[in-house]
J.: 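My questions all concern the structure below.
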Amino acid sequence: MPAPQHARQNAAFPSAGTTAHGYLARPGSGTGPGLIVIQEWWGLTDHIADVTDRFAREGFVALAPDLYGGRVAHDTDEARRMIADLPPERAVPLLAGAVDHLLGLPETTGGRVGAVGFCMGGTFVLHLAAADERVAAAVPFYGFPEPAPDFTGMTAAVLGHYGEHDDSIPPDAVTALHTTLKRRTGRTPTLYSYPAGHAFFNDERPEAYDAPSASLAWTRTLAFLRDHLPTGH
């Protein structure tokens, strides 16, 4: 399935020794908790920018870092090549730079942020939360269980969304990942499964999108983030 052809960028910031870019959306209220939105393996597409805008309309200062440096994948083969060039150990420093930038914005309230990721981004959400104590709440949407991060010392609360008919993510692997998380952190993640397949939240993919599941996951995500993110300076 081809992805949109142009990455969405409107922000630049220092990250991992270079200048990174991303898509930033501010809430109409002017200030709010910070939220990192992490792309699917297609790149920083129109869909991810739209999701970022949706979070801003709900009161978050939302930043989607462009992990592919302006590139997007146009088919699954290209997406596989691009994700192969971005292992978690490369992605996490780039994401940490985005956290730095987000927390440095005058609009961002609180000293910690949330992170939401989809597909590849769902994997990176947990790696970022495991490596950066400034992440207070982590929400993976159908993130791949492997490679697993080292959860030792992780303090973030976790809410996971997975499709019951997702052929690319074995349910047993998801269970094992979150069992390890609980054992290493003493925190019990909240996991939900939906009668849907992979990418059920992506409303630009009609072959995958499942509106009832997406709506319920969205409602649960907003409630979770509001419960766990500080709102004051």
Side-chain angles (χ1 to χ4, degrees), residues 1-4 7-8 22-25 35-56 58 60 62-68 71-73 76 78-80 82-83 86-88 91-92 94-95 98 113-129 135 137-147 149 156 158-169 173-174 177-178 189-194 196-222 224-225:
M1 170 267 180
R8 294 283 293 273
Y23 183 78
L24 176 67
L35 182 68
I36 299 291
V37 181
I38 310 179
Q39 67 193 48
E40 297 175 307
W41 71 344
W42 303 111
L44 179 47
T45 60
D46 290 340
H47 168 65
I48 295 300
D50 178 66
V51 172
T52 305
D53 286 335
R54 289 174 61 187
F55 277 118
E58 295 293 336
F60 297 92
L63 173 63
D66 187 347
L67 298 179
Y68 287 166
R71 298 178 299 153
V72 295
T76 55
E78 188 176 10
R80 288 191 184 97
M82 291 167 76
I83 193 175
L86 190 68
V92 167
L94 293 170
L95 292 167
V113 302
V116 178
F118 304 87
C119 180
M120 175 187 78
T123 303
F124 290 166
V125 159
L126 293 181
H127 282 267
L128 175 64
V135 178
V139 184
F141 277 75
Y142 32 83
F144 298 103
E146 298 293 337
V158 174
L159 169 66
H161 303 292
Y162 299 89
E164 295 172 1
H165 309 304
D166 189 339
D167 295 334
S168 61
I169 300 179
V174 173
L177 175 71
H178 291 87
T190 300
L191 301 180
Y192 290 111
S193 61
Y194 301 84
H198 193 73
F200 68 81
F201 193 79
N202 190 336
D203 56 7
E204 291 191 353
R205 294 187 58 190
E207 79 282 7
Y209 180 58
D210 186 271
S213 298
S215 178
L216 181 55
W218 176 253
T219 299
R220 287 168 167 168
T221 296
L222 292 177
F224 176 81
L225 292 173

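As the structure is a prediction and not an experimental result, all values here were calculated from the model.
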J.: Please report the C-alpha distance between Val139 and Val125 in whole Å, then the side-chain angles of each, then the deciding distance to 0.1 Å, and finally whether the side-chain contact (heavy atoms from CB on, under 4.5 Å) criterion is met.
T.: CA-CA 7 Å; Val139 184; Val125 159; 5.7 Å; no

J.: Quick one: are the ring centres of Tyr142 and Phe200 less than 6.0 Å apart?
T.: yes

J.: Using the rule given for side-chain contact (heavy atoms from CB on, under 4.5 Å), can you reason through Phe60 versus Leu222, listing the C-alpha separation, both sets of side-chain angles and the distance that settles it, and then say yes or no?
T.: CA-CA 10 Å; Phe60 297 92; Leu222 292 177; 4.0 Å; yes

J.: Quick check on the 6.0 Å ring-centre criterion: do Trp218 and Phe55 meet it?
T.: yes

J.: For a side-chain contact (heavy atoms from CB on, under 4.5 Å) check, start with the C-alpha distance between Thr190 and Val158, then their side-chain angles and the critical distance, and finish with the verdict.
T.: CA-CA 6 Å; Thr190 300; Val158 174; over 6 Å; no

J.: Check the pair Thr76 / Trp42 against side-chain contact (heavy atoms from CB on, under 4.5 Å), numbers first and verdict last.
T.: CA-CA 8 Å; Thr76 55; Trp42 303 111; 3.8 Å; yes

J.: Taking the six-membered ring for Trp, are Phe201 and Phe118 ring centroids under 6.0 Å apart?
T.: yes

J.: Of all heavy-atom pairs between Ala64 and Leu44, which one has the smallest distance, and what is that distance?
T.: O-CD2, 3.5 Å

J.: Could I get the full list of side chain to side chain donor-acceptor pair (under 3.5 Å) partners for His161, not counting sequence neighbours?
T.: Tyr194, Thr221

J.: Which heavy atom of Ile48 sits nearest to which heavy atom of Gly43, and what is that distance?
T.: CG1-O, 4.0 Å

J.: Using the test salt bridge (charged side-chain N to carboxylate O under 4.0 Å, His left out), find all partners of Arg80 that sit at least two apart in sequence or belong to another chain.
T.: Asp77

J.: Any side-chain heavy atom of Phe124 within less than 4.5 Å of one from Val92?
T.: no

J.: Under the side chain to side chain donor-acceptor pair (under 3.5 Å) rule, collect the residues that match up with Arg54, sequence neighbours excluded.
T.: none

J.: Could you tell me whether the side chain of Leu159 reaches within less than 4.5 Å of the side chain of Leu225, counting heavy atoms only?
T.: no

J.: Do you know the tightest heavy-atom contact between Ile36 and Pro65?
T.: CG2-CD, 4.0 Å

J.: Sequence neighbours left out, what passes salt bridge (charged side-chain N to carboxylate O under 4.0 Å, His left out) with Glu164? Give chain and number order.
T.: none

J.: So, the side chain of His127 versus the backbone of Pro147: is there a donor-acceptor pair under 3.5 Å, distance only?
T.: yes

J.: Which atom names give the shortest non-hydrogen contact between Tyr209 and Asn202, and what distance separates them?
T.: CB-O, 3.3 Å

J.: Not counting sequence neighbours, which residues clear side chain to side chain donor-acceptor pair (under 3.5 Å) with Asp166? List them please.
T.: Ser168, His198

J.: To the closest 0.5 Å, what do you measure between SG (Cys119) and CH2 (Trp41)?
T.: 6.5 Å

J.: For Ala25, enumerate each residue passing the side-chain contact (heavy atoms from CB on, under 4.5 Å) test, keeping only those at least two apart in sequence or located in another chain.
T.: Tyr23, Thr52, Asp53, Ala56

J.: Roughly how far apart are Leu86 CG and Gln39 CD, rounded to 0.5 Å?
T.: 7.5 Å

J.: How many angstroms lie between CG in Asp203 and OG in Ser215, if you round to the nearest 0.5 Å?
T.: 11.5 Å

J.: Any non-hydrogen side-chain atom of Pro149 less than 4.5 Å from a side-chain atom of Leu177?
T.: yes

J.: Please report the shortest heavy-atom distance between Met120 and Glu40, naming the atom on each side.
T.: CE-O, 3.6 Å

J.: Please name the pair of heavy atoms, one in Gly121 and one in Ile38, separated by the smallest distance, quoted to 0.1 Å.
T.: CA-CG2, 3.5 Å

J.: Is there a donor-acceptor pair closer than 3.5 Å between any side-chain N or O of Arg71 and the backbone N or O of Tyr68?
T.: yes

J.: So Leu35 and Leu63, do their side chains get closer than 4.5 Å, heavy atoms only?
T.: no

